[in-house]
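Beneath this line is the structure, given in structure tokens, with notes to follow.
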Amino acid sequence: MRPRVHLLAALRQAVLYAGCAALMLLGCMPWVAKAASCADMQLLRLGSGVVTLPSGTVGQPYQYTLHATGGEPPYTYHAGSLPPGFTVSPAGELSGEPSPLPLITVFVAGVRDQHDCTAQQTYKLSIVAPWQPSPQPVPKPAPKPKPPEPPAPPPTPKEPPAPKSLTTLPLTDTLAAPFPSESAVDVYMLTADIFKDKDVLIELKQMTVDATPVDISANATDGKDDVGKDDTGKDDASNDDPAQQHPPVNDVDQPVDETIEADVNAQFQRLLKPLLDVEYPGEELFKAALDTRLCRFSADLITATANKNKLAAPVDEESGCPPKWDDLPEKVVNTPSNPLPWKELPQWLMSRAMRDLLIAKARRSHSLLQPPAPLWSGKGCGCVRQLSGETYGFYPYWHNADKPVPLDFSLISRINVFALWFRDNGDLVEPTWKAQQSTDFIREAHSHRTALDYTLYHNDWRFLKSATDDEITAMTQRLAVQAAKFIDTPLDDLASRSHAWVPGFAEVERYGNGLTLYLDKIPTDDDVRPAFKRYLDKQIRELIDELRRRDRRYVLNIVVRDEDLTAQGSVWQVERMTDYLRLAESVDPRGGNVASENARARSSTNLTLRYLVLLRQPTERGMRKVLSMIDGDKKIDEEECRILLHRVIPILSTGASAEPELFEDLAYASDNFGGAGFWAVPSLDEPAGKMTAGRIRASFLQRIPRAEQLNAWICEYRWPLRVAAEGLLLIWLVAFVIYQSSCRFRQVGLVYPLGLLLGAIAFLILGALLLVGDPRLSQLRQGNALLGLLLIVLIAIIGYHMLKPRVEKP
């Protein structure tokens, strides 16, 4: 009986222990479930880095929805340190009405899912002043209709006689502007030679003559209660006593103070120094850069004077800078009052005559007839890295130097080669790049996987006055077909043709990957502007249709100026831009075009459409206007608005901004648009190019892996490695078959098997290098295909040894 008693006691004790363990497990289950859910589920996130929200406008309601990813819904949102008047609802709705003052604020928002997993994110919100549209110009009266022309006589069946030679011409034709025989592009750039120009020196001397009677010493403001006022508190500029005014001075030959002359020249050089050697693709962009530099320089002088006199500096919004140049006289014949009213400082530092002179001196015209091939080098930089946005660079052919221009191709997604133009009838004028040395730049870009786009340029629209709709249709179709054929032209050198025969990596090397439509000097004449709008619409549609009919992937870029998007009555509208996007990419408004790896919208067709926006300075203000215009359009839904913003690429002038300003511009473009571009491609042999490359890395390169240099080398020499790996594999397979089928080779000894082993090891090394750095194998590295391939090889080896017939030794 005792064994049974002990057995029952042991069972009761086991049951007791099991019950206690079960109670403890039930008590810990909520904590275990929570830890398991937060650890095993997808990470709950609100974003990465500092998220820049769309800007708000003072006096207008603001609304934005926070989006969390990961975890398990439903989500509960909360936030702290919000701007005055803003709240965040539990559903993630950030709403409110911006405060009366513009500001930039940073706040932290959090989210919690149903398992109490939490995440936080820092947001940056800018509140800007409401944009005041410029007054719309009064439309000109419609021209009187011309009397109908008499009907042409019926054609005669006989051939018309040969035309006679011109002997005379009407006097009216002598006053007409001749049509150019070739296309030319106008750019604007100041160099250090401007300080030695004779006309500029004469204008500076006139400024020195005007400044001679004026006391500009450091003690000129002593005894004054305020800048621009005398001891009585009255403004010197309002003194109506003719006896107190300075006499007219307009004789540049009169003697001047040499000290003042040196000071004026030095101040002039300090004013223009940041603009030297910076090229602007258009007169309006150069004017804006000149005015922006003048206003900033004036503001710095005003602030320094206010600090020296322990006074409050005036508000910049009240300065009225830049001046209304059209309202100023071309020549100033009276010297200014002393002290000078602070609002008159910009026009005193740069007169209207000096500004017009600088614009004329900065203009440079470059013919597009037979442009030379670009000359650049990117050895050692590797392929284009995984950037968070597209980085563009224009390469005008007149930037060619005697030696190749060093470029960092790893930071440039696409290069626009400025070399093509077309005639009024739509015929494309192609450059004669037939020799191999003329197309080396194409192979250099292809080796770094940088895409090449070619710019279609035109700037003379007088032919539209008499062009019919049928003629416009014919010329747009002709240009679209010829341009598509040009970029599809295959390279005919031996190395490029051999790439099409490499198994598994076959690729036909062609001239380009896309086109850029650059229609410059948009007409403002009421007689030509409607015809230009029809032509623009027809040309874009023809290019889209032609590229979509082909079997390659293309990119179509359209160059626009920021004022073409934001000005009243402009030729570009958000709704029209969205229509072209739907036509080119078949955009799915429900979000089916979103790529999961970087949240960028991808095209559903073989064509991607982008808008390259040339920005005037200050560039940050221009980007905000473009963003507000697209984001505030109510005719498109939210998803199409987001996709359109990702198709906008702001274009900056290289070297035009200081490093902090450039960093802010690139960060803003990276957060709100599809990338950024530069006019022109930053060259690494210049300080501005090195600075730009560093800012691109900080704004668009998320992280740099440790093996980046190895990957760069493998990508740059991927074609020789591909050929070597496939050739070695073929030789090894032939040798293995011979070894297995011939007893004579098996009797050689260990030499033959050792050679097979070394060949297999060499192939594995080459294959591993290609798997690490070959961009063509990126999908193989990221997916499970490589694991499946290894399993198949392993099963094949095991099956071979199992099924191999066993033969006894004789």
Side-chain angles (χ1 to χ4, degrees), residues 185 187-192 275-281 364 366-368 370-385 387 390-420 431-433 435-455 457 491 509 511-514 516 518 557 612 649 651-657 659 662 666 675-697 700 712-713 715-716:
V185 56
V187 295
Y188 292 79
M189 183 177 67
L190 292 176
T191 62
L275 299 180
L276 298 182
D277 300 324
V278 180
E279 188 174 86
Y280 297 91
R364 286 166 170 77
H366 300 281
S367 172
L368 293 178
Q370 298 300 331
L375 191 63
W376 57 48
S377 175
K379 296 297 183 182
C381 65
C383 295
V384 181
R385 298 173 181 173
L387 304 176
E390 296 289 336
T391 53
Y392 275 69
F394 279 85
Y395 190 91
Y397 74 89
W398 53 86
H399 287 188
N400 277 359
D402 297 335
K403 59 180 180 180
V405 178
L407 304 178
D408 190 349
F409 283 94
S410 66
L411 301 176
I412 306 173
S413 303
R414 312 188 73 87
I415 295 181
N416 278 294
V417 180
F418 205 104
L420 299 181
T432 56
W433 296 336
Q436 180 176 348
Q437 59 270 19
S438 299
T439 55
D440 286 341
F441 76 97
I442 302 177
R443 284 179 289 275
E444 181 76 10
H446 287 342
S447 66
H448 301 281
R449 293 184 62 83
T450 297
L452 290 181
D453 302 329
Y454 292 87
T455 304
Y457 182 82
L491 298 175
E509 302 284 355
Y511 268 38
N513 307 93
T516 299
Y518 187 1
N557 309 297
L612 310 184
I649 309 292
I651 304 297
L652 312 174
S653 292
T654 306
S657 305
E659 187 169 3
L662 179 63
L666 292 180
F678 304 93
W679 183 286
V681 183
S683 175
L684 294 181
D685 58 358
E686 298 177 357
K690 297 179 180 178
M691 178 189 71
T692 304
R695 294 301 91 197
I696 293 176
R697 292 189 185 94
F700 291 93
W713 182 85
C715 181
E716 190 170 351

With a 4.5 Å limit on heavy-atom distance, are the side chains of [X] and [Y] in contact?
X      : Y      : result
His448 : Val384 : no
Trp376 : His399 : no
Thr191 : Leu276 : no

Notebook entry, point to check: Is there a ring-ring contact (aromatic ring centres under 6.0 Å, His included) between Trp433 and Tyr511 once you walk through the steps?
Noted result: CA-CA 10 Å; Trp433 296 336; Tyr511 268 38; 7.3 Å; no

Check [X] against [Y] and note the closest heavy-atom contact, atom names and distance.
X      : Y      : result
Ser413 : Leu387 : OG-CD1, 3.9 Å
Asn513 : Ala451 : OD1-CA, 3.4 Å
Pro682 : Gly689 : CB-CA, 3.8 Å
Ser683 : Val405 : OG-CG1, 3.3 Å
Gly393 : Val681 : C-CG2, 3.4 Å
Leu411 : Ala693 : CD1-O, 3.5 Å

How many angstroms lie between [atom1] in [X] and [atom2] in [Y], if you round to the nearest 0.5 Å?
X      : Y      : atom1 : atom2 : answer
Ser653 : Leu662 : OG    : CG    : 11.5 Å
Arg414 : Phe394 : CZ    : CZ    : 12.0 Å
Ile415 : Tyr454 : CD1   : OH    : 10.0 Å
Leu420 : Thr455 : CG    : OG1   : 7.5 Å
Leu491 : His446 : CG    : NE2   : 5.5 Å
Thr692 : Leu666 : OG1   : CG    : 7.5 Å

Going by atom types only, do [X] and [Y] share a side-chain donor-acceptor pair under 3.5 Å?
X      : Y      : value
Tyr392 : Asn557 : yes
Glu444 : Ser377 : no
Ser447 : Arg443 : no

Checklist line | Test side-chain hydrogen bond (donor to acceptor under 3.5 Å, both in side chains) applied to Asp453 and Thr516, step by step | finding: CA-CA 6 Å; Asp453 302 329; Thr516 299; 4.5 Å; no

Margin query: Leu375: which residues meet the side chain to side chain contact (heavy atoms under 4.5 Å, CB included) condition with it, sequence neighbours left out?
Written below: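 Counting only residues at least two positions away or on another chain, Leu375 forms a side chain to side chain contact (heavy atoms under 4.5 Å, CB included) with Asn400, Pro404.
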
Notebook entry, point to check: Among Lys690, Arg697, Arg385, which residue meets the salt bridge (charged side-chain N to carboxylate O under 4.0 Å, His left out) test with Asp408?
Noted result: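 Of Lys690, Arg697, Arg385, salt bridge (charged side-chain N to carboxylate O under 4.0 Å, His left out) with Asp408 is met by Arg697 alone.
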
Next item on the list: For a ring-ring contact (aromatic ring centres under 6.0 Å, His included) with Trp679, tell me which candidate from Tyr280, Phe418, Tyr188, Tyr395 qualifies.
Entry: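 Of all the options given, the one that passes is Phe418.
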
